[in-house]
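One is the number of the first residue; the rest follow in order along the sequence.
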Amino acid sequence: MKPVSEPLKFTVTPVYWTATQQVLRTIRSKVFVEEQGVPPDLEWDGLDEHAYHVIAYAPDGTPIGTGRLLQDGHIGRLAVLQEWRGKGVGRSILDMLMVIANKMGNDIVRLHAQTRVLDFYIGRGFAKQGTEFMEAGILHIAMTRSTADQTVWPAVFPGGNVARG
């Protein structure tokens, strides 16, 4: 019998833009600008300074993913480095952003999902709104979801899965 391998471990941590912007820029530049061809002037939209951000870290402390939440409840810029995709990092980043949205008083979150990853968001409880549209040269669709069930910090948050008031 083959031994079951231990799943890759990582953590997701809320961070301040001013303290971590170089790390956030590096991840997003690799994913959006280099891989997907998003023009830099569209990626750097001037909204980061007032947004909530999270970073996913590999066990050795290497940053491997990020996402942001605008104060109006719009989730975006969810990016995971290629070698970490399909390992739960994106889901954990999204879960963390959902909890932050809930804690900040947002009952509903919105996002613009790239249509190629639509199933990822549907699997996380998001519902399509309207019709597909182009954004930064990539086909997207607007989606929404309630934050009502997002009251407990995800297990990947340092400190574990404990309710926070």
Side-chain angles (χ1 to χ4, degrees), residues 10-58 61-82 84-85 88-118 120-121 124-130 133-138 140-154 156-159 164-165:
F10 55 87
T11 57
V12 179
T13 306
V15 294
Y16 291 104
W17 171 256
T18 52
T20 58
Q21 67 178 296
Q22 191 54 50
V23 171
L24 296 166
R25 284 180 178 274
T26 298
I27 294 168
R28 286 170 44 188
S29 289
K30 281 183 186 175
V31 173
F32 297 123
V33 178
E34 294 173 26
E35 286 180 30
Q36 298 180 3
V38 173
D41 61 320
L42 293 179
E43 178 57 30
W44 309 114
D45 59 8
L47 300 176
D48 287 307
E49 188 175 316
H50 300 290
Y52 302 97
H53 297 269
V54 299
I55 297 178
Y57 293 98
T62 303
I64 58 173
T66 187
R68 79 175 183 191
L69 171 70
L70 301 180
Q71 293 183 18
D72 68 359
H74 190 102
I75 289 176
R77 304 309 199 263
L78 201 151
V80 176
L81 297 180
Q82 191 169 16
W84 282 88
R85 293 180 196 150
V89 177
R91 176 185 174 140
S92 295
I93 290 170
L94 186 58
D95 286 349
M96 181 67 74
L97 292 170
M98 293 289 294
V99 171
I100 293 170
N102 176 274
K103 300 295 184 196
M104 300 314 298
N106 295 36
D107 296 328
I108 301 287
V109 292
R110 302 181 338 267
L111 56 80
H112 293 169
Q114 292 182 11
T115 56
R116 65 180 186 78
V117 292
L118 188 59
F120 168 77
Y121 290 106
R124 299 297 308 130
F126 282 82
K128 295 189 282 186
Q129 304 291 313
F133 58 92
M134 292 298 283
E135 187 171 76
I138 301 168
H140 285 75
I141 191 158
M143 301 188 87
T144 61
R145 180 180 161 191
S146 168
T147 65
D149 61 341
Q150 297 294 304
T151 59
V152 177
W153 292 106
V156 295
F157 182 77
R164 312 269 173 153

Whether the side chain of T26 engages the backbone of Q22 through a donor-acceptor N/O pair (distance < 3.5 Å, no angle test) should be reported.
yes
Heavy-atom closest contact (P63 atom, I27 atom, distance):
CB-CD1, 3.8 Å
Return yes if some donor-acceptor pair links the side-chain N/O of T144 with the main-chain N/O of V109 below 3.5 Å, else return no.
no
Does some side-chain heavy atom of R25 sit less than 4.5 Å from a side-chain heavy atom of W44?
yes
When every non-hydrogen atom of P39 is compared with those of A136, the smallest separation belongs to CD-O, 4.5 Å
Side-chain contact, heavy-atom cut-off 4.5 Å: Q21 with Y16?
no
Gap between atom CD of E49 and atom CH2 of W17 - 0.5 Å precision
9.0 Å
Is there side-chain contact between R85 and V31, with at least one heavy-atom pair below 4.5 Å?
yes
Working for side-chain contact (heavy atoms from CB on, under 4.5 Å), residues V99 and K103:
CA-CA 6 Å; V99 171; K103 300 295 184 196; 4.0 Å; yes
Is there side-chain contact between R116 and H140, with heavy atoms separated by less than 4.5 Å?
no
Taking only distance into account, with no hydrogens and no angle test, what donor-acceptor pairs under 3.5 Å do side-chain atoms of residues 64-82 form with protein atoms, sequence neighbours excluded?
residue, atom, partner, partner atom, Å
T66, OG1, V54, O, 2.7
R68, NH1, D45, OD1, 3.2
R68, NH1, D48, OD1, 2.8
R68, NH2, D45, OD2, 2.6
Q71, NE2, H50, O, 2.9
D72, OD1, H74, N, 3.1
R77, NE, E43, OE1, 3.4
R77, NE, E43, OE2, 3.2
R77, NH2, L42, O, 3.1
R77, NH2, E43, O, 3.2
R77, NH2, D45, OD2, 3.0

Would you compute the distance between atom CG of L97 and atom OH of Y52 and round it to the nearest 0.5 angstrom?
12.0 Å
Any I100 side-chain heavy atom under 4.5 Å of P14 side chain
yes
Side-chain contact, heavy-atom cut-off 4.5 Å: L118 with F126?
no
Supply the atom-to-atom distance F133 CZ to I141 CD1, rounded to the nearest 0.5 angstrom.
8.0 Å
One should read off an interatomic distance between F120 CZ and R91 CZ, to the nearest 0.5 angstrom, of 8.5 Å
Distance, nearest 0.5 Å, that separates CD of E135 from CD of Q114:
9.0 Å
Closest non-hydrogen atom pair between A113 and Y121, with its separation
CB-CD1, 3.5 Å
Donor-acceptor pair, distance only, cut-off 3.5 Å: does the side chain of R145 make one with the backbone of R124?
yes
